[in-house]
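I have placed the structure first, in the form of structure tokens, so that the comments after it can refer back to it.
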Amino acid sequence: MQATYPISEIKQIIDATGEIVEDSQISLLVTDSRRINHPGATLFFALSGRRDGHEFISEAYNYGVRNFVVTRKPEIITTDINFLLVNDVLTALQKLAAHHRRQFSFDVIGITGSNGKTIVKEWLYQLMCPEHNIVRNPKSYNSQIGVPLSVWQMGEGNDLGIFEAGISSIGEMPRLQAIIQPTIGILTHMGTAHDEGFESPRQKLEEKLRLFDDCRQIIYQYDLLIDFPEHMRGRECFTWSRKFNIANLYVFSETTISGRYYMRAIYKGEEIECLVPYRDEASVENAITCWATMLALGYSPDVCDDRIERLTPVSMRLELKHGINDCSIIDDSYNSDIQSLEIALNFLKQQNQHNKKTLILSDIYQSGLQEEELYRRVSQLVSNAQVDRFIGVGKALGQYRSFFGESQLHFYADTAALLNDLSRLHLQEETILIKGARSFEFEKISRALVQKAHETVLEINLNTLLNNLNFYKAKLDPGVKIMVMVKAFSYGSGTFEVANILQYNKVDYLAVAYTDEGIALRETGITLPIMVLNPEPLAYDKLVANKLQPAIYSFSLLDEFVKFAQEEEILNYPVHIKIDTGMHRVGFEEYEIETLCDVLEVNPYIHVESVYSHMVASDAEQHDLFTLHQINTFEKIYKAIEEALGYTVIKHISNTSGITRWPNAQYDMVRLGIGLYGVDAAVPRESTALQPIATLKTTVSQVKKVLANETISYMRSGSLNADGKIATVRIGYADGYLRAFGNGVGKMLINGTLVPTVGNITMDMCMLDVSNVEVKEGDEVIVFNEHQRIEELAAQIGTIPYEILTNISQRVKRVYFYE
Ligand SMILES: *Cc1c(COP(=O)(O)O)cnc(C)c1O
């Protein structure tokens, strides 16, 4: 059962003032106006973040929401709204969740640590769900907002809670502790993530331990807390260690047996064992934490071993890929519960590239809800997401088919039946969300629908892209707009995939290099204003038909555009005026401004939307005087133009590093380019706030033994120093891995080791010296990612990251991740 509170009771719980004008029963808390599904039962919290939640009240009202928690009453004429007034909206949300938490007396496990929180939480769920009806955070909703929303899910059907808590600075944990009120605590791996929010690693650890303030039992790695005895006093501790045999679970032997990891340990004086289906360090450590937790909770070693051996990977991310028949496939085939369904449907809703949206959904297990209630809610989510075609797989969905009234419906008893029928469904030019419980093996459907991938892929992490966007937004003065440069396939990162996310997150403008690029975005449903940097006069008709806005940089462009507008009887068409303040590429120069003003003054055909210029070296200290000169020239010129026009225009000059280094040059807008993709020469590389969004990877096609006296590749260009071996990988200069990387200049990561190229790079393949590494055919090879950075590749061949990114050819498949 979902919690339901009368609004009057919530008012008391959160100590709000304000008048209740209409009685409401609240069961859903929402902080994002784009995620309203059941407006009647929704309480909207107008949080102040980067955007003030109060700005979205009218949007939420239009969806039908009538209950709001606010710090001030907006000027809304209608009288049918309950406004609960509080001093701090986030505190109110947290208070409400804490109150709700107190209604339950079953055990709640609280998990913290730097890494592994989500995996441990999800694995414990897998391991203990046979006995328990568990409530947990959806995905990794572990923040100051995510935790209260997660705890709010606690319901009567549950008998165990597992919640993770993530913090990035001092003072945050006590707030989360007060909401989760864990009775059992788990500390996972401690690393360096979020170190910058703390004075020292010790301070960070102490802050994390605050989660355990009221725990009766704590589970942790003995080695980590040797120096923290005072924190453990008076509690039951269950420890594990690989070094110290006084730990409750002492792991003394670890070996790999046919791809799996075999551990032996001493527990209560007896030898016990456990097989883990993964070998990598992080998974093994997370598995030990789960092992310790199960033992601490009284599971027998045999049950632990039996269940841990069958752990399945935790995939929190969904993937967006190109599919057959020009479909877009959103692959979320590894888990299914109602919260993650909502998140995935929301992502589906953000996709504009096809008119038709299809959902393939399996039965949902272990929801903690009565079946009928569960599928009624599923059907509401589906209908809110405007799904055109619903394909249900499983007995329960079939039984409740009458709930799914409006869309086109298909039901199958199992996955095999759907696969048999797939070709008859004629899936074509639609966006298809595949979402299923693991046991339905929906990966088979995804494989059938996704085009066979050439094994070199560019993976784009859309969450990181969003973080990067927010990193720059946070630097902007209030009211400053943001234009995002998505020219050249978003610096090689994609077209509508990137633009959809930007549109959904409300950037103000996009910019492309050519009219065709703008048209491609319009054809995939992008409605944001789009500036075209190089509008070709021959395509002015297409430009206008697609509501694209030209950048005008010369008198000839201007004349031709005005002539075109005149002929078409267009008035006030939005254009952007480009000023050359020192780049000497395109743009009006200072001496031309007077004439330009004369032309603009008397022109009814165009409306100058913005005036802009471009910094030539915003990231380079040695050119700062020149940048200042550019800024001064720009100011002089835009003032003259505004005066001639008689109205104000949007002024902008900053690119990525301009935002970072020239906070006083934001004017009315900034133009974010390469920073969105995680590269900014003006941000220290160690900073984790900005991260590369792209990973380029390929695979090994063959491994060969080569003798010292043999040669490798065309023109006999390569050889090894001693007898050894080489790995041939599936990437060459036609994919954008330039010839300059050949003969040891470039390096790639194989199984964690950096290895050099050997010999010339060929068109579709190249060779790596793997003499000292264990490698086999099919192994994954990283060309660049967040460790082996694009900046390093650029340095290796004496170019800039922009060129590396935009060179990756279109034949390399793009796959998008979203968590
Ligand atoms: C490409 C471009 C940008 C973005 O530059 P970055 O250095 O990638 O941020 C900004 N303005 C104009 C005119 C551009 O062409």
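Both ligands and their constituent atoms are indexed starting at 1 by order of listing.
Applying the salt bridge (Lys or Arg N to Asp or Glu O under 4.0 Å) test to pairs two or more places apart or on separate chains, those with a residue in residues 657-684 are D624-R661, K651-D668. Every pair tested for salt bridge (Lys or Arg N to Asp or Glu O under 4.0 Å) that includes a residue from residues 521-538 fails, sequence neighbours excluded, so the list is empty.
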Kindly print each ligand 1 N/O atom paired with any protein N/O atom under 3.5 angstrom away, one pair per line, or none if nothing qualifies.
unit_1: ligand 1; atom_1: 7 (O); unit_2: N655; atom_2: ND2; d: 3.0
unit_1: ligand 1; atom_1: 7 (O); unit_2: Y802; atom_2: OH; d: 2.6
unit_1: ligand 1; atom_1: 8 (O); unit_2: Y491; atom_2: OH; d: 2.6
unit_1: ligand 1; atom_1: 8 (O); unit_2: I674; atom_2: N; d: 2.8
unit_1: ligand 1; atom_1: 9 (O); unit_2: T656; atom_2: N; d: 2.8
unit_1: ligand 1; atom_1: 9 (O); unit_2: T656; atom_2: OG1; d: 2.5
unit_1: ligand 1; atom_1: 9 (O); unit_2: G673; atom_2: N; d: 3.2
unit_1: ligand 1; atom_1: 11 (N); unit_2: H614; atom_2: ND1; d: 3.4
unit_1: ligand 1; atom_1: 11 (N); unit_2: R671; atom_2: NE; d: 2.8
unit_1: ligand 1; atom_1: 11 (N); unit_2: R671; atom_2: NH2; d: 3.3
unit_1: ligand 1; atom_1: 15 (O); unit_2: K487; atom_2: NZ; d: 2.6

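In this structure, a donor-acceptor pair under 3.5 Å is absent between the side chains of H322 and S328. Between the side chains of T456 and R730, not a single donor N or O lies within less than 3.5 Å of an accepting N or O.
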Distance-only criterion, 3.5 Å: show the donor-acceptor pairs between side-chain atoms of residues 594-602 and protein atoms not counting sequence neighbours.
none

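With respect to E590 and K636, a salt bridge is recorded, a charged nitrogen being found less than 4.0 Å from a carboxylate O.
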